[in-house]
There are 2 protein chains.
Amino acid sequence: MIRADVVSNDDLTRTVLNLVWERREVSRAEIARSTKRSRSTISEVVGRLLGTGLVAEAGAGESRGGRRPILVGFQDDAGVILGVDVGATHISLILTDLRGRTLAWRERAHPVRSDPKGAEALITALGEVCLAEWNGDRSRLMGIGVAVPSPVDPGSPGRVLDRVLPAWRGHSVLDRLNSVFGVPVFVDNDANLGAVAERWWGEAVGIDDFVYLKVATGVGAGIMIGGEIYRGATGVAGEIGHVAIDPGGPECLCGNRGCLATFVGTRQLVDRARALLERFPDSVLAGTEPDIRAIEDAALSDDPLALQVVTEAADRLGIVVAGVLNLLNPGSVILGGSLARAEDRLVKPLREAVATRTLVDSAAASDIRTSDLGARATALGAATHVLVAALANPRLFPGVKPT
Amino acid sequence: MIRADVVSNDDLTRTVLNLVWERREVSRAEIARSTKRSRSTISEVVGRLLGTGLVAEAGAGESRGGRRPILVGFQDDAGVILGVDVGATHISLILTDLRGRTLAWRERAHPVRSDPKGAEALITALGEVCLAEWNGDRSRLMGIGVAVPSPVDPGSPGRVLDRVLPAWRGHSVLDRLNSVFGVPVFVDNDANLGAVAERWWGEAVGIDDFVYLKVATGVGAGIMIGGEIYRGATGVAGEIGHVAIDPGGPECLCGNRGCLATFVGTRQLVDRARALLERFPDSVLAGTEPDIRAIEDAALSDDPLALQVVTEAADRLGIVVAGVLNLLNPGSVILGGSLARAEDRLVKPLREAVATRTLVDSAAASDIRTSDLGARATALGAATHVLVAALANPRLFPGVKPT
DNA sequence: GCACTTTGTTCGGTGGCCGAACAAAGTCTG
DNA sequence: CAGACTTTGTTCGGCCACCGAACAAAGTGC
């Protein structure tokens, strides 16, 4: 149950809680210095926080030339969060603590688009499985984050917009999740949540302005500006799958020609690999019907066919990444999605493609690299989104003991 | 002289001052409702503000069913601001009051790049001319805003970065302006400041997320996100002149091929018009050596050659605008710079070019239109930048009477 | 061993903001 | 047109977040 009356929602309380989370263990005096408040004020705020069980005293720290400080530590296990990644062809769930550690993880292939009802049932079932595996006090579940491969309404994040999942429009599914598990449900776009994961646990820790590029079934970007996800006027910012990169290219489902999505994406890469099979008789993929995983694996072992496919994709991506750099000048560009497994084999040709299309200034300033969060990135980001909300608004924390 | 001790710099004081500016004349009770503070609190804050001379009581307003309110009005003439537009081939200055009204305006052609020293002298000379024409109390000058056709350092805005004006690097020129006129000097990129002008006085009033595209000697974008100029990691966000739109296009000064700048920009449009002269013997431009102004004028009278030039430019711009829409999904795109004079003759083909390259969603949400601020837009934006700083920090106001 | 630091708490005080109460100056209704 | 009701703006007492000074406890360093 959510107790709205226990933790006062001051700005300062919020700031202190976030600081304790960041530093893990920190003394009152240090908090006072960091927040530029007096020690007496911080003492009182910390006193209130101690009463909530979110932080606890954790022994003495190093002396700085005087009395040793009492360290105050964030209680990472004060709550758990469920993160759901709804892909085009799979569903995966992660259960994390408040430090982003995996407590449970489940993944299933599922035709989400053609069977949205089944997807809904699968999510609740896998959610139960994760909670059972964790075997902790279920009342510590704080919230559920859901990543969907579609834009969301920037006005009321949580509303799914896209036609990709018509059955999910509005939020009936999310309401069901809410009533089944009895906790708040947050929804956002998968690329946006991938960016969140990178900022908290991955390559973008400490970076407030960057672009996350997810290359998987489709291509999407999560744009982080000033530490916040940027959604644009109607929530479709970052939907770069349909940027036109070749006016003479193949026709796209969207009606235009030469969209990025017609060149890069699981389906396209697989098609391309199969078309190249004849030309590469020595490839490990020769004589097989390769899927995307096989292609990525082959690339990692430097198979020439797979490298060709990856390099071509990098070249196409480079056009768009160059545009992003010229326009937004982000501090870094992080590549996620399954194709990111290829690492340098993807990034090197990408950097080259970008270099020929950008000013020296902006290209030099941006480092382009791959994520190392792996397959759990999106689900982790969904869980992290809930964590962010909770740290900003401690009322969301359950099981907070009365003062 | 700046009095730092007169206006206390509370958040609330700032909020109230901005509100009075926005509403022009507003009662204490109305301020209390808008800011959700008590009337007693607002009364005290307004009392302090009255003492500064920035606001003044201005008679009675309409009754809302009870006692008639006393209106408090912003004093638009409490200060004046000088805005400087340093172009590639001209320098212009505007003197405005705190409502953006033009008090004086001067423009001179000058080869800024080849004669930066002369430019500096010209700015101070024209500044004196503007102040003399205004003929007001010179101590009311609050600050000087300068627009430069080059990126600025996002860390310390005011530092000019680019190689376009090597002599202006660092801030010697700005220091000189400061010492000559004895007021703070603010510097920013011209496209950024054009966006500021649009947001305060032009097509983007009330819009917090939009992109301003300046098409003049060069092409640049000012990106407004959440009401703030977005500069990117190294200050080159919006420098879209070197977005590659045609891999097989002509070589650019920057070393790459097919940059937008090789197709759109004063120089390129003039060259293109001259190349087309033979093909359009009936054009009003036939037999002349047209400059950009003549081409724009001809387009406005529907001359086929000029329309051809404008349409081609629109087509090229469309590629980049489509990219911007797909990536950022801004609420609107506003076209400025001299080419914006062409209005519908530019916007219509641009909209068409964009429509074939964007998702229906994002294109439909963005309206693309031309600025109507004219040639003074950039200088006005520079002045407005100072106004914004002053409203955010009333200490900057000069001549504030002690309480 | 003694002077000096740092930590964390206590306690009285300050300042921003609030609500209640009130006088002044309106509108509306019978 | 008088009386009831509304709205405005001010005054005044009070609350609360936060502060600084003072202090005890617990260190360090010469």
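Below, chain A is the first sequence line, B the second, and so on; all start at residue 1.
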Fill in: Base-contact (B) and sugar-phosphate-only (S) positions in nucleotides 23-30 of chain D, heavy-atom cut-off under 4.0 Å, - elsewhere
--BBBS--

Worksheet entry | Residue list, side chain to side chain donor-acceptor pair (under 3.5 Å) with B:D137, at least two apart or on another chain |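 Listed in chain order: B:S139.
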
Discussion item. List the residues meeting side chain to side chain donor-acceptor pair (under 3.5 Å) with A:W21, not counting sequence neighbours, and say none if there are none.
Written reply: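 Testing A:W21 for side chain to side chain donor-acceptor pair (under 3.5 Å), a comparison that skips the adjacent residues, returns none.
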
Discussion item. Run the salt bridge (charged side-chain N to carboxylate O under 4.0 Å, His left out) test against A:R24 and tell me which residues pass, sequence neighbours left out.
Written reply: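 Not a single residue meets the salt bridge (charged side-chain N to carboxylate O under 4.0 Å, His left out) criterion with A:R24.
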
Worksheet item: Contact class for B:I42 (heavy atom, under 4.0 Å): base, sugar-phosphate, or nothing?
Response: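 Since no nucleic acid heavy atom lies under 4.0 Å of B:I42, the category is nothing.
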
Worksheet item: Distance only, no hydrogens: is a donor on one side chain within 3.5 Å (strictly under) of an acceptor on the other, for B:N329 and A:Y230?
Response: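 There is no such pair (donor and acceptor under 3.5 Å, judged by atom type) between the side chains of B:N329 and A:Y230.
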
Worksheet item: Can a donor-acceptor pair be found between the side chains of A:R23 and A:S34 at a distance below 3.5 Å?
Response: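 Present: a donor and an acceptor within the cut-off.
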
May I have the distance from [X] (atom [atom1]) to [N] (atom [atom2]), rounded to whole angstrom?
| X | N | atom1 | atom2 | value |
| --- | --- | --- | --- | --- |
| B:E44 | D:dT11 | CD | C1' | 12 Å |
| B:D11 | C:dC17 | CG | C1' | 13 Å |
| B:I70 | C:dG26 | CD1 | C1' | 13 Å |

Worksheet item: Would the number of heavy atoms belonging to other residues, nucleotides or ligands and lying under 6.0 Å from CD of B:E30 be above 12?
Response: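 Yes, CD of B:E30 has more than 12 neighbouring heavy atoms, counting only those of other groups under 6.0 Å.
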
Worksheet item: Can you tell me if CD on B:Q75 sees more than 12 non-hydrogen neighbours from other groups inside 6.0 Å?
Response: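 Enclosed.
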
Worksheet item: Nearest to the side chain of B:A29 - C:dC17, D:dC18, D:dT8?
Response: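 Looking only at heavy atoms from C-beta outward on B:A29, the closest nucleotide is D:dT8.
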
Donor-acceptor check, side chain of [X] to backbone of [Y], threshold 3.5 angstrom: yes or no?
| X | Y | answer |
| --- | --- | --- |
| A:E198 | A:E203 | yes |
| A:D97 | A:R101 | yes |
| A:T102 | A:A104 | no |

Worksheet item: Do A:F186 and A:I144 have side chains that get closer than 4.5 Å, going by heavy atoms?
Response: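 Not touching, per the 4.5 Å side-chain cut-off.
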
Fill in: Donor-acceptor pair present, A:S40 side chain and D:dG20 base, under 3.5 Å
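Counting by modelled atom types and ignoring angles, a donor-acceptor contact under 3.5 Å is found here.
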
Worksheet entry | Residues in contact with DNA chain D, drawn from residues 19-28 of chain B - heavy-atom cutoff 4.0 Å |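 Residues of residues 19-28 of chain B under 4.0 Å from DNA chain D: B:S27, B:R28.
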
Practice prompt. Within residues 30-38 of chain A, find the residues that approach DNA chain D with a heavy atom at under 4.0 Å, and present them sorted by residue number.
Written response: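 Result for residues 30-38 of chain A: A:K36, A:R37, A:S38, sorted by number.
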
